[in-house]
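Worksheet for the structure shown next.
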Amino acid sequence: MASTGLIDLSRWQFATTAAFHMTFPALSVGLAIFLVILYASYCRTNNPLYLQMFRFWRKIFAVGFALGIVAGIVLTFELGLNWGQYARAVGPILGPIICLEALTAFFLEAGFIGILLYGEGRVSRKVTMVSTCLVALGALLSTAWILSANSWMQTPAGFKEVNGQFQPTSWYHVIFNPAFDWRFPHMVLAVLISASWFVAANGAYYLLKHRALPFGRKTMSIGLLSAALLLPVQLYVGDSLATYVSAVYQPAKVTAAEGNFTSDNTGWNLIVIPNQPKQRNEFRLSIPHAASVFIYHNFSGTTPAPSLTAFPKSQQPSVWATFYGFRVMVIGAWGMFTVAFIGLIMRMRRRLYTERWYLRLVLWTLPFGVFATIGGWVVSEAGRQPWLVNGQLLTANSVSSLSTGEVIASLAAFWVIYIGLFTAWVRQVIREVRRGPEELPSLDETPTASPPPQSAPALVTAGSR
Amino acid sequence: MVFLWMLILIGALLAYVVLDGYDLGIGTLTLLERDPARNRSRLDLVGNVWDGNESWLILLAMGLWGGFPAAYATALPGLYLPLCLMLGGLIFRGFAIEMTLHRPGFDPIWGRLFGIGSLVTAFAQGVVFGGLISGVSVTNESFVGHTWDFLGNGYALLTGCATVLLYTWAGAAQLRAKLGGDASGVTSRRLRQHTVAIALAAVVSAALLPVATSARLSLAGVDRWLPFGYGVLLAASGLWTVYRRADRRPYQVGFFAAAAVQAGGMLALLCLYFPQLVPPSVTIYSAAASRLTLLFLIIMIGLIGPATVAYGIYSHWVFRNKPVATRAPDPGEARTRNGASPALELKGSN
Ligand code: HDD
Ligand code: HEM
Ligand code: HEM
């Protein structure tokens with residue numbers, strides 16, 4: 001068996017490069033759909049405001065999309081580079097799934113993103129519209145396939161084991177494995193919420209700065225409205241995912257996420273300092289009775305949360321990672337829900353666009369969606385340990401026989417590169433946002449457009465309070 | 001079925017090398033060019049195709065993983081360092097393209113990173129290739145060699161350089177085809193010299209191969225030496241075509257000639273190596289996944305593949321004669337940095 005050092009290094013490498021990758025799909029899947037909405041609205045109403053928004057968000061989308069692609073390529077190679085034994089074992093099952101992802105999704109995105117980004121003036125509006133839709137479709141398909149692959153590792157089905165290799169017996173059961181049904185909608189909602197929140201916060205920025213006001217208002221209201229609609233659904237889906245999937249197939253995962261080593265706690269832990277070797281918490285701070293309500297939906301608040309000591313130590317995932325991943329996700333969820341809810345009230349009182357403390361609040365919470373998404377992945381991946389394929393293949397038996405030096409070198413190189421690129425990406429986004437949207441496109445630039453309902457200058461002046 | 005899947009993967013490899021080969025080559029060539037306007041138009045040529053071209057690499061990798069898991073599981077750890085180098089190159093390149101494309105002109109920093117990333121990727125791919133054909137130590141379907149094994153007495157460095165030569169050559173031919181002699185900065189004399197250099201590199205690598213590799217090479221039997229001969233002829237005729245026609249302008253043949261060289265070389269190697277996949281010990285039969293996996297892969301690629309190729313062609317066709325940024329500079333840009341984009345205007349001339 002490989003040394004623990006090698007295993008840990010490989011795990012760190014995969015976890016950090018995957019989290020880096022995840023940051024970009026979290027935004028670009030949602031933004032792709034947002035672009036569809038904007039362009040469709042523009043085609044229907046001919047209002048240049050929508051074209052202005054489309055062009056602005058397209059730029060932000062493009063750069064993040066590129067980073068998502070290159071970071072994704074790294075992940076697919078790492079599966080073989082660092083996890084050779086895993087690659088040999090699961091190749092016949094997961095290889096074809098990701099192959100299909102490439103065929104149906106990556107080529108689709110790559111084929112039409114060129115037209116989406118640079119096609120204007122060269123192709124008709126209809127072609128731009130169709131291309132935009134196809135790029136969004138590709139992003140959704142990609143999410144579906146990768147979630148299917150990852151869900152199979154959480155709840156493997158439809159396979160038999162031959163000589164330490166997993167071979168499919170039913171593709172239907174492999175692809176639509178039990179966890180997929182709830183995790184796919186959970187993930188789609190997660191990326192939509194992350195992107196909506198990002199969009200809303202940018203809108204708030206313009207309103208705070210008194211710039212591009214019509215643009216800012218429309219942007220913020222679309223972002224907030226979709227977040228407000230999606231968040232309650234996500235709370236329901238997340239709860240069902242925990243109840244019908246995780247608690248059934250991976251009880252140790254949910255138990256670690258609740259962070260109890262004793263079975264007398266009816267409270268929902270906010271902070272714990274776990275001492276896993278000694279199987280106890282050094283410190284815990286909890287909301288009384290809440291666990292009973294959240295986990296068992298028992299409103300009398302008397303059912304205690306389950307205890308991790310029910311599982312042998314060797315079968316327990318890390319409480320640190322699973323617990324705090326879960327807190328980040330759930331607190332993010334409730335935080336955004338609250339802010340969106342306040343937004344609705346402000347909207348009804350017609351103060352949404354002018355109340356500065358509220359705009360600041362929205363701006364400061366800008367990365368909450370992305371944080372919640374990454375937190376969620378930490379729950380699902382760290383909570384699956386010590387298994388790589390749940391109940392079938394141990395992480396410790398999956399690594400390639402590399403030298404530790406090689407992995408240290410690659411890990412260090414990835415970190416340096418990723419930190420550099422992430423900084424460059426953030427600076428680029430800030431630059432674009434500071435520069436602001438281009439002026440409202442005038443009509444002769446869009447040859448097929450008929451006159452808009454209002455003239456552009458009227459819209460701009462209508463913006464100032 | 002195993003054989004069929006191998007052919008499909010070779011098709012994907014060929015598509016990747018032909019397509020990304022020229023765009024990595026163009027990227028590398030920007031390092032040799034000082035004129036920002038010319039570099040900008042090179043960047044524009046690559047701008048809307050690079051991600052599609054790289055999708056072939058993913059298809060290839062994932063097809064290998066699904067169809068021949070034991071090959072994926074041994075070749076990748078065996079070639080760890082050059083593959084990581086390649087990934088690093090790809091990351092920089094992809095991001096640098098997107099960063100430069102959205103600014104006017106040719107950004108001095110990101111533009112250079114685009115060139116360096118392309119060069120590193122091309123070189124690393126050549127090293128990977130050389131490391132693979134010179135053999136990987138495998139026992140029991142897992143890699144058992146050492147970190148630096150892939151260098152194989154330096155043979156991999158030779159193939160690395162040869163690959164850079166080949167890609168830049170394909171890039172130069174593509175540049176002349178799309179931009180014409182002046183705007184591309186590729187003279188016919190240089191293209192000829194380049195062609196000769198590749199022919200030399202090919203001869204040297206071929207001569208050293210039997211010494212450098214631990215694989216069993218064989219040309220016994222007509223089903224090996226005949227296609228081998230065809231392969232060599234095809235490659236040679238590709239080189240000859242470019243050499244002879246280096247000074248003609250509408251130079252579409254360049255693209256196909258490059259493809260012929262790459263396809264011919266691949267065919268020749270296939271004849272020498274078959275059925276070894278990760279030489280010497282992993283063969284396509286020992287590495288193959290189960291029947292149900294291969295059947296599924298083949299059916300799916302049969303159903304979806306044609307559509308993929310069709311819209312790939314369509315998206316190239318939309319941009320067939322103009323590089324991307326000849327579109328009017330957008331008003332936002334014009335407003336904030338008035339007239340700061342002479343490079344953009346320059347190459348409307350096509
Ligand atoms: C195709 C499968 C797949 C997918 C879709 C993901 N992962 Fe994963 N993940 C793995 C396959 C995997 C793995 C190869 O199976 C790893 C490597 C080591 C391990 O234990 O599992 C892993 C480990 C791993 C770990 C470390 C767990 C630990 O070792 O304690 C984290 C935090 C993540 N991943 C995070 C992510 C994120 C943020 C993803 C979103 C993009 C993601 N994973 C998608
Ligand atoms: C281990 C996990 C993952 C691997 C191996 C992986 C692999 C890849 C690869 C190779 C690409 C580049 C494709 C291209 O050239 O267009 C990519 C991009 C993408 N991935 Fe992942 N991916 C993983 C996780 C995820 C997850 C969980 C999602 C879910 C939302 C996702 C969504 C996307 C999307 C939408 C793209 C398109 C590019 C972008 O939006 O940035 N990926 N991925
Ligand atoms: C209170 C509400 C929520 C609950 C109860 C909840 C529950 C869960 C659970 C139990 C998992 C682990 C699934 C498993 O692997 O077994 C999970 C994963 C995840 N969650 Fe949530 N979630 C909630 C809200 C959110 C929000 C708001 C987001 C993002 C905006 C989010 C994003 C994710 C992601 C990205 C994953 C990993 C992918 C997956 O496993 O499907 N969640 N969630």
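Naming convention: chains lettered A, B, ... in sequence-line order (proteins, then strands); numbering from 1 in each chain.
Heavy atoms closer than 4.5 Å to chain A are found in both the backbone and the side chain of B:Ile91. Interface remark: A:Ala424 contributes backbone and side-chain atoms alike to the contact with chain B (heavy atom separation under 4.5 Å). Both the backbone and the side chain of B:Leu292 have a heavy atom closer than 4.5 Å to some heavy atom of chain A. Neither the backbone nor the side chain of A:Ser131 comes within less than 4.5 Å of any heavy atom in chain B. For B:Phe68, no part lies under 4.5 angstrom from a heavy atom of chain A. Contacts of A:Leu103 with chain B are made by both backbone and side-chain atoms, with heavy-atom separations under 4.5 Å. Proximity to chain A (any heavy atom under 4.5 Å) is shown, for B:Ile301, by both the backbone and the side chain. At a 4.5 Å heavy-atom cutoff, the contact between A:Val123 and chain B is made by side-chain atoms alone. If you measure heavy-atom distances from A:Ala62 to chain B, the contacts under 4.5 Å come from both the backbone and the side chain. Looking at B:Ala61, the atoms closer than 4.5 Å to chain A (heavy atoms on both sides) all sit in the side chain, from C-beta outward. For chain A, the nearby parts of B:Trp56 are the backbone and the side chain; heavy atoms of each come within less than 4.5 Å. Proximity to chain A is limited to the side chain of B:Thr308, based on heavy atoms less than 4.5 angstrom apart.
Side-chain contact between B:Thr293 and A:Gln167 is absent, with no heavy-atom pair separated by less than 4.5 Å. For the pair B:Ile304 and A:Leu100, the minimum side-chain heavy-atom distance is below 4.5 Å. Counting heavy atoms from C-beta on, the side chains of B:Tyr80 and A:Val407 come closer than 4.5 Å.
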Item to complete: Evaluate side chain to side chain contact (heavy atoms under 4.5 Å, CB included) for B:Asp51 paired with A:Phe106, printing each intermediate quantity in order.
Response: CA-CA 9 Å; B:Asp51 45 353; A:Phe106 298 158; over 6 Å; no

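Ring-plane geometry between A:Trp171 and B:Phe296 is classed as parallel, the angle between the planes falling under 30 degrees on a 0 to 90 degree scale with a further cut at 60.
Most heavy-atom pairs under 4.5 Å with chain B: of the set A:Leu108, A:Ile113, A:Ile93, A:Val174, this distinction falls to A:Leu108. For the set A:Cys99, A:Gly84, A:Ala102, the count of heavy-atom pairs under 4.5 angstrom toward chain B peaks at A:Cys99.
With B:Trp65 contributing its side chain and A:Gly80 its backbone, the two residues share no donor-acceptor pair below 3.5 Å. One N or O on the side chain of A:Ser401 and one on the backbone of B:Phe143 form a donor-acceptor pair closer than 3.5 Å.
Listed here is the closest heavy atom pair of A:Phe107 and B:Gly52: CE2-O, 4.1 Å. Closest heavy-atom contact between A:Val70 and B:Glu54: CG1-OE1, 4.5 Å.
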